[in-house]
Amino acid sequence: MKQNSPELRTSVRHFSLQLSPTPRGARLARLLATEQLRSWGLPLDPTQQVIAELSNNAATHGRAPGRDFRLLLYVVAGTLRIEVTDTRADRLPTARLGLGLLLVDALADRWGVTRGLPPRKTVWAELDLAPKLESACSGGTGALLQGPQG
């Protein structure tokens, strides 16, 4: 007897860029991602600020000569996930967060850091797209380091 497998009924939208780890690359990441969010009909705030902070951190602290950083956006169900991957796994965010990560922590619903294949690390943030009924405040549950996701 043949079994029917359930169909995936949730669409997955994704957008990926590879950019130079420079202030111009970080600015371009924010501008192009903003246009992609517009085309998907998603709210720009606070997403564009989170993208700007993570991209700027990759260009500033994750910079390695000749190595780009990658911005990945994807939407699954009611969650937008932002991932910025750079090639400085030796430079992880510390417990004393800088202003950029404090903003990410305040604006994102969740965020963290995942080590990738050496020498990569990914700093990610998730924003719930559905409005929250129980609270008017936003705030992250930041995690400094998580193991590989699979």
Side-chain angles (χ1 to χ4, degrees), residues 5-95 97-132 138-150:
S5 60
E7 286 184 37
L8 180 65
R9 295 179 194 256
T10 303
S11 67
V12 177
R13 294 178 274 183
H14 69 286
F15 176 73
S16 181
L17 292 171
Q18 191 165 324
L19 298 153
S20 64
T22 62
R24 183 175 186 216
R27 187 172 53 252
L28 192 55
R30 180 183 53 80
L31 292 171
L32 293 172
T34 296
E35 287 308 309
Q36 185 62 52
L37 293 169
R38 265 194 195 105
S39 76
W40 287 342
L42 296 178
L44 301 181
D45 291 320
T47 307
Q48 61 186 355
Q49 184 65 37
V50 172
I51 292 167
E53 294 301 333
L54 295 181
S55 297
N56 188 53
N57 283 350
T60 304
H61 305 293
R63 185 178 189 163
R67 296 181 181 167
D68 294 339
F69 76 92
R70 184 188 74 205
L71 169 68
L72 175 65
L73 306 177
Y74 58 94
V75 179
V76 177
T79 300
L80 169 67
R81 185 170 172 111
I82 303 159
E83 295 184 357
V84 176
T85 302
D86 65 47
T87 55
R88 292 296 306 264
D90 59 317
R91 296 183 112 181
L92 296 172
T94 63
L97 302 176
L99 178 59
L101 287 178
L102 285 175
L103 284 171
V104 170
D105 188 58
L107 298 173
D109 293 294
R110 293 163 296 284
W111 73 275
V113 180
T114 303
R115 290 182 192 259
L117 294 174
R120 293 170 191 83
K121 76 172 178 297
T122 298
V123 182
W124 57 268
E126 292 181 342
L127 290 96
D128 295 332
L129 299 173
K132 293 179 183 60
S138 172
T141 54
L144 288 179
L145 185 63
Q146 293 188 352
Q149 296 178 340

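Computed from a predicted model, the values in this text were never measured in an experiment.
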Q | Closest non-hydrogen atom pair, K121 against R88 | A | NZ-O, 2.9 Å

Q | Residue pair V84 / F69: nearest heavy atoms and the distance that separates them | A | CG1-CD1, 3.7 Å

Q.
Show, in sequence, the C-alpha distance, side-chain angles and deciding distance for E83 and T114, and conclude whether the side-chain contact (heavy atoms from CB on, under 4.5 Å) test is met.
A. CA-CA 10 Å; E83 295 184 357; T114 303; over 6 Å; no

**Q.** Partner residues of R70 under the side-chain hydrogen bond (donor to acceptor under 3.5 Å, both in side chains) criterion, sequence neighbours left out
**A.** T85

Q. Salt bridge or not for R63 and D86, using N-O below 4.0 Å?
A. no

Q: Step by step, work out the side-chain contact (heavy atoms from CB on, under 4.5 Å) result for L80 and T47.
A: CA-CA 9 Å; L80 169 67; T47 307; 3.2 Å; yes

Q.
What's the separation between atom CZ in R91 and atom OG1 in T60, rounded to the nearest 0.5 Å?
A. 9.5 Å

Q) So does R13 have more than 12 non-hydrogen atoms from other groups sitting under 6.0 Å from CZ? A) yes

**Q.** Contact check, side chains of L17 and L32, non-hydrogen atoms, under 4.5 Å
**A.** yes

**Q.** For the student: nearest non-hydrogen atoms of W40 and F15, plus distance
**A.** CH2-CB, 3.9 Å

Q: For residues A64 and P21, report the shortest heavy-atom separation together with the two atoms involved.
A: O-CG, 4.4 Å

Q | Qualifying salt bridge (Lys or Arg N to Asp or Glu O under 4.0 Å) pairs with a residue from residues 42-57, counting only residues at least two apart or across chains | A | none

Q) How long is the gap from CZ on R81 to OG1 on T122, to the nearest 0.5 Å? A) 8.5 Å

**Q.** Sub-4.5 Å side-chain heavy-atom contact between L92 and R115
**A.** yes

Q) Which one of T34, L37, L44 satisfies the side-chain contact (heavy atoms from CB on, under 4.5 Å) criterion with I51? A) L37

(Q) Less than 4.5 Å apart, side chain to side chain, heavy atoms only: is that true for R110 and D128? (A) yes

Q. Which is it for I82 and L73 under the side-chain contact (heavy atoms from CB on, under 4.5 Å) test, yes or no, and what are the steps along the way?
A. CA-CA 5 Å; I82 303 159; L73 306 177; 3.7 Å; yes

Q | Shortest non-hydrogen contact between L107 and L127, atoms and distance | A | O-CD2, 4.0 Å

Q: Could you check if a side-chain atom of L71 sits within less than 4.5 angstrom of a side-chain atom of S16, using non-hydrogen atoms only?
A: no

Q) If you measure from CD on Q48 to CG on L31, what distance do you get to the nearest 0.5 Å? A) 9.0 Å

Q: Taking all heavy atoms of L54 and all of A125, pick out the closest pair and write down the distance.
A: CD1-CB, 4.2 Å

